[in-house]
Amino acid sequence: MLQIYYIREYSKEVIERLAVKNFDAAAIIDKILVLDAKRRNIQKTLDDTLAESNKAAKEIGGLFKQGKIDEANVMKAKTADLKKASKELGDNLDSVSSELNDLLVQLPNLPHPSVPKGNSDADNEMIYEEGTMPELSNDALPHWELAKKYDIIDFDLGSKVTGAGFPFYKGKGAKLQRALINFFLDRAMDAGYTEFQPPLMVNEDSGYGTGQLPDKEGQMYHVTMDNLYLIPTAEVPITNIYRNVILKNEELPVMNVAYSQCFRREAGSYGKDVRGLNRLHQFDKVEMVQIQHPDKSYETLEQMKDYAASLIRALGLPFRILRLCGGDISFTSALTYDFEVYSGAQKKWLEVSSVSNFENFQANRMKLRFKNADGKTKLAHTLNGSALALPRIVAALLENNQTPEGIKIPKDLVPYTGFEFID
RNA sequence: GGAGAGAUGACCGAGUGGUUUAAGGUGCACGCCUGGAAAGCGUGUGUACGCCAAAAGUGUACCGAGGGUUCGAAUCCCUCUCUCUCCGCCA
């Protein structure tokens with residue numbers, strides 16, 4: 001959520017910058033400015049009325065103490081009007097505030113100046129590419145066929161037991177999952193992150209804090225009986241640890257990492273582009289979250305970007321990094337780098353990580369603050385990134401590393417799998 | 001799921017309708033004292049939204065959350081959440 005004072009001061013700039021995200025904010029900001037002025041006006045009147053009431057109540061108390069009952073009763077009668085007025089003003093303030101808030105949450109985060117204009121993923125800016133493309137023979141198999149050939153992932157069984165998008169991993173396939181998770185977590189420890197195991201369900205306040213609610217509830221599985229949501233990413237519980245928290249300056253940066261299963265409804269997304277592991281309803285991901293001083297958050301974003309790259313490099317996969325354009329970047333993000341690995345048999349780039357700086361957008365929603373060096377309370381910046389999401393990494397590993405002897409496991413991963421080939 | 005007891009500031013803790021303007025203590029910060037430190041003494045010490053050009057100042061709200069009663073609520077009433085003790089169930 002953008003800060004109201006910022007919209008008030010720099011409304012023109014806000015409109016211009018949101019245009020990069022193809023968001024026309026002019027009308028909504030007009031309404032916000034009107035409501036904001038109204039809100040402050042009502043609050044002033046209400047505060048004055050309450051001040052008068054408080055004063056009268058004290059006087060009445062004093063009169064009772066002195067035994068001046070009649071005078072007290074006269075005063076009491078006078079306060080009736082004040083009470084009525086403050087009740088009305090209070091109701092009015094509540095409705096104007098919530099109207100204002102409903103509009104504020106509709107505004108996306110301001111994109112960083114480096115975010116290119118654009119309408120779709122075709123307009124994303126490729127900023128880096130690394131690795132050698134796999135040279136596969138013409139009869140190379142896509143990963144869903146390799147999965148069947150080596151009996152390591154069973155999509156049909158998942159469909160039977162749960163539904164499409166919920167595969168079973170089996171034998172060396174299951175072990176490969178565990179190996180990747182531990183590999184990613186151990187690397188994160190070495191990089192200075194603290195590991196968390198979060199709850200896989202969160203309450204409404206948490207969904208709101210990271211921006212999934214109120215708009216995107218259709219993308220989360222909802223446990224209606226207890227009003228809990230299955231997390232779409234560990235970002236949600238891990239960031240919400242700091243909801244309504246004021247950190248000390250020296251506690252920054254907070255560097256957390258968590259493995260979790262992630263649940264996404266992604267309604268209506270079936271078809272040939274989502275075959276196999278390309279898009280699942282349940283998948284595994286290791287997620288890093290940082291909370292940083294506003295002056296340092298972009299430096300941190302670059303470090304997180306480099307860190308994600310180092311993981312893919314260690315697995316020997318060709319990859320590229322994109323700076324997302326205004327049309328493709330998320331609602332809450334100011335700047336996002338997407339990582340894609342090349343999956344040789346599908347001949348497709350697959351997104352395996354997304355690293356973003358949210359600046360104070362999430363922090364403002366969840367009231368995540370810190371005391372700066374001067375002792376002033378300020379909103380912190382939040383960042384997160386996948387490090388990494390498993391399914392598409394597995395897809396690329398299977399496809400790119402297929403050999404007549406089986407699927408070759410990258411060297412750095414062998415200590416974790418305990419085998420060199422899936423055969 | 002059932003019964004009971006609780007939730008007060010950074011922390012401990014007093015407070016059952018009216019100088020609570022939340023006592024007292026601890027911690028922390030600054031100052032005095034000291035060769036330096038400790039002790040001692042003194043001062044200060046939350047959050048949010050307003051008002052004010054701004055600072056200073058000042059208004060309002062906040063004692064788990066949300067409602068209510070009252071001229072006046074930390075205190076009384078209702079609902080909810082969480083914690084503890086016991087019972088039930090349970091990997």
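Worth knowing before you read on, the calculation uses all heavy atoms, side chains too, and leaves out hydrogens, waters and symmetry mates.
A distance of about 16 Å separates the P atoms of B:rA74 and B:rU8, rounded to the whole Å. Here, B:rC33 and B:rU43 have their C1' atoms 15 Å apart, quoted to the whole Å. For B:rA29 and B:rC84, the P atoms lie 33 Å apart once the distance is rounded to whole Å. B:rC63 and B:rG9: their C1' atoms are spaced 9 Å apart (whole Å). When the C1' atom is used for both B:rA10 and B:rU47, the distance is 13 Å, rounded to whole Å. Atom name P, nucleotides B:rG24 and B:rC41: the rounded distance is 14 Å, in whole Å. B:rG64 and B:rG6 have their C1' atoms separated by 11 Å, with the value rounded to a whole Å. Of the C1' atoms belonging to B:rG15 and B:rG67, the separation is 24 Å, rounded to the nearest Å.
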Pairs under 3.5 Å (N/O, protein and nucleotides 15-23 of chain B):
from, atom 1, to, atom 2, distance (Å)
B:rG18, O2', A:K65, NZ, 3.2
B:rG18, N2, A:A57, O, 2.7

Any N/O pairs under 3.5 Å between the protein and nucleotides 56-64 of chain B? List them or say none.
from, atom 1, to, atom 2, distance (Å)
B:rG59, N2, A:Q43, NE2, 3.4
B:rG59, N2, A:D47, OD2, 2.8
B:rU60, OP1, A:N54, ND2, 3.4
B:rU60, O2', A:D47, OD1, 3.2

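Atom-to-atom, NZ of A:K76 to P of B:rG72 comes out at 9 Å; the value is rounded to the nearest Å. Atom CG of A:L247 is separated from atom P of B:rU47 by 14 Å (rounded to the nearest Å). Spacing between atom CZ of A:R40 and atom C1' of B:rC52 amounts to 13 Å, rounded to whole angstrom units. Taking atom CD of residue A:E71 and atom P of nucleotide B:rC71, one finds them 18 Å apart after rounding to whole Å. Rounding to whole angstrom units, CZ of residue A:R369 and P of B:rG46 are separated by 14 Å. One can place NZ of A:K248 at 11 Å from P of B:rA29, the figure rounded to the nearest angstrom. Whole-Å rounding puts the A:N203 CG to B:rA65 C1' distance at 13 Å. In this structure, A:D205 atom CG and B:rC80 atom C1' are separated by 13 Å, rounded to whole Å.
Annotation: ring-ring contact (aromatic ring centres under 6.0 Å, His included) contacts involving residues 370-391 of chain A, sequence neighbours excluded, comprise A:H293-A:F370. Within the structure, ring-ring contact (aromatic ring centres under 6.0 Å, His included) contacts touching residues 84-113 of chain A (residues at least two apart or in different chains) are A:H112-A:Y298.
A sub-4.0 Å separation between OP1 or OP2 of B:rU70 and a side-chain N or O of A:K87 is absent. For B:rG50, the OP1/OP2 oxygens have a side-chain nitrogen or oxygen of A:R39 closer than 4.0 Å.
Taking the charged nitrogens against the carboxylate oxygens, A:K248 and A:E250 have no contact shorter than 4.0 Å, which rules out a salt bridge. Under the 4.0 Å criterion applied to side-chain N and carboxylate O atoms, A:D48 and A:K44 are assigned as salt-bridge partners. The pair A:D423-A:K408 does not meet the salt-bridge criterion, since no charged nitrogen lies less than 4.0 angstrom from a carboxylate oxygen. A salt bridge between A:E299 and A:K296 is absent, with no side-chain N of the basic residue lying under 4.0 Å from a carboxylate O of the acidic one. Under a 4.0 Å N-O distance rule, the pair A:D123/A:K117 does not qualify as a salt bridge.
Taking the side chain to side chain contact (heavy atoms under 4.5 Å, CB included) definition, one finds that A:Y10 meets it with A:Y6, A:E13, sequence neighbours left out.
Residue-level contact check: A:T377 touches the backbone only, with heavy atoms under 4.0 Å from sugar-phosphate atoms and none from bases.
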- Task: Report the secondary structure of RNA chain B in dot-bracket form, marking unpaired bases with a dot and bases paired to a different strand with |, and treating Watson-Crick or G-U pairs with both distances under 3.5 Å as paired.
- Result: ((((((((.[[[..)..(.....]]]((((((.......))))))((((((.....)))))).[[[[[..)....]]]]])))))))....
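Within a 6.0 Å radius of CD in A:E420, other residues, nucleotides and ligands contribute 12 heavy atoms or fewer.
The one candidate from A:D306, A:N124, A:I127 that meets the side-chain contact (heavy atoms from CB on, under 4.5 Å) condition with A:I321 is A:I127. A:S356 pairs with exactly one of A:N384, A:N109, A:D338, A:T336 by the side chain to side chain donor-acceptor pair (under 3.5 Å) rule, that one being A:T336.
Within the model, atoms CG of A:L146 and CD of A:Q402 stand 4.5 Å from one another, a figure rounded to the nearest 0.5 Å. The line from CZ of A:R39 to CD1 of A:I4 is 7.0 Å long, rounded to the nearest 0.5 Å.
For A:K83 and A:K371, each mapped to the nucleotide of RNA chain B holding its nearest heavy atom, the one lying further toward the 5' end belongs to A:K371.
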